There are 2 protein chains.
Amino acid sequence: MDHTITGTLLGQSRYGKLATVIKDRILHGEWQPGQMLPSETALSEEYGVALGTIRQAMSLLVQDGIVQRLQGKGTFVTRGLNGASMLRFFRFNPADDVVTPQSNILQTRLREASAEERLLFKQAEKQKVLQFERIRLLNDEPCLLETIILPLPLFGPLLDLEPHEWDALLYPMYRNRCGVIVNHAQDRLSFSHLNSIQARRLKLNSGHPCVVVERKAYDLSNQCIEIRTTRGDAYSFTYTAHVK
Amino acid sequence: MDHTITGTLLGQSRYGKLATVIKDRILHGEWQPGQMLPSETALSEEYGVALGTIRQAMSLLVQDGIVQRLQGKGTFVTRGLNGASMLRFFRFNPADDVVTPQSNILQTRLREASAEERLLFKQAEKQKVLQFERIRLLNDEPCLLETIILPLPLFGPLLDLEPHEWDALLYPMYRNRCGVIVNHAQDRLSFSHLNSIQARRLKLNSGHPCVVVERKAYDLSNQCIEIRTTRGDAYSFTYTAHVK
DNA sequence: GAGTGGTCTAGACCACGAC
DNA sequence: TCGTGGTCTAGACCACTCT
């Protein structure tokens, strides 16, 4: 195979070009999530570069979170985020952290995408989005209320699901049913109050203080594939950030 | 000079040992913040290792935030955090971000360190701490209320200062007056309400919702050197976090 | 033992900054 | 022009995993 790196990608080092080329091959599905990439030596021969150059390219992909390297085993395409739970912003149960909360899908509806959503999702004109709400429960007590918006036609396979067919963890479900890998996300936190409907669902009083987490999730190619708004009791809010 | 890397640091790669050795030399003040380290070739000769090995050691120090490398210029010891402002958690003025808020020192007092503080600061028995409050203002309007605790004798040079002699930015002041470099910090966010004293100082009502940021700041050797608690209007709170 | 990534070497040349 | 870090090569050996 002639995968020789040409000079078409200007302004980059050789390993930079290699990284983007290999990334493209992954995005085109040449190697599926969880699968092993060719070994360093194989790639260095295929591209006609030194081992060290391949290694530098690979370390870029590791930084991007696109591949994962394991000594003695190989280099593997990432499976993306899985838990990435909103619970990391809240502390509902001081005792156990490892619990996966239950999930209740409340209602799903199909609607036209707004202008802003079409822009984020890079949708064509008059495309639709799938919007639904769900409640997450710990020990049968509601703790988080989520509104989730997904672009069509990418998430078409979810249209026919009954509420009880949804998994408790959405991101692995996106991968299995729609082939979508969630690679990273952006969370915006702010403070607000629950309206009466939200309050009833969380078994709190109307006007109760809450923290709002607005998440935009992206796939391997930096395409936004989910908009999620999560509300939880402000008194349960706790978050730890590391500065530089 | 015989700086040959011996086998005394077990379980590490050669560049790992080199990194800790060079880090120690920095911590012992051999090269001051802002100064240039010896070049790669000089270090490789001094330690009798290949250039690439020095480079790997250096990239570890870059990751640690201890040095900064500039092509064509050299490798420099970090000057640490400077602004690192609490304003990044709040949005008081949609227009301008670049403004440095004014600073008002309210009161300073010397007191015994609590057990927890002695532990964090690694203080000897019966050491004291310097505690003070300050208000930060934007356009002459108070926006943040801070309580700051510093260990003695490290921060002794600040004991004799009059309130007006304090700088608006504390971290550069720590460096200049006490030789303390703030390298990283841990912020813990939660939600609460202002008591009557806090409310009066922020010109808000008692019981007004607020966000509390509890910060622990550390120097180059991972020693905690400041405990800071900041309160601000919850309605001005906004924070963006990147997930993986 | 065969195959993987991790470490290390001893060179070479390039890109950038300062003088 | 010189010194700096950045890139690249073509080897070698080590540590780990699987079978």
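Each chain gets a letter, A, B and so on, in the order the sequences are listed, and its residues count up from 1. Being a predicted model, the structure only gives us computed values, none of them experimental. These numbers come from the heavy atoms of this one structure, side chains and all, not from hydrogens, waters or symmetry mates.
Residues A:T75 and A:R69 have side chains that bring a donor and an acceptor to within less than 3.5 angstrom of each other.
Counting heavy atoms of neighbouring residues, nucleotides and ligands inside a 6.0 Å radius, atom CD of B:Q68 does not exceed 12 of them.
In this structure, A:F237 and A:F90 have perpendicular ring planes: the angle between them is above 60°, well past the 30° mark.
Of all the heavy atoms in B:F76 and B:G34, the pair that sits closest is CD2-O, 3.5 Å.
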Where protein sits on nucleotides 1-10 of chain D, one letter per nucleotide: B base, S sugar-phosphate only, - none, heavy atoms under 4.0 Å: --BBBBBSB-

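Every residue meeting the salt bridge (Lys or Arg N to Asp or Glu O under 4.0 Å) condition with B:E214, not counting sequence neighbours, appears here in chain and number order: B:R188.
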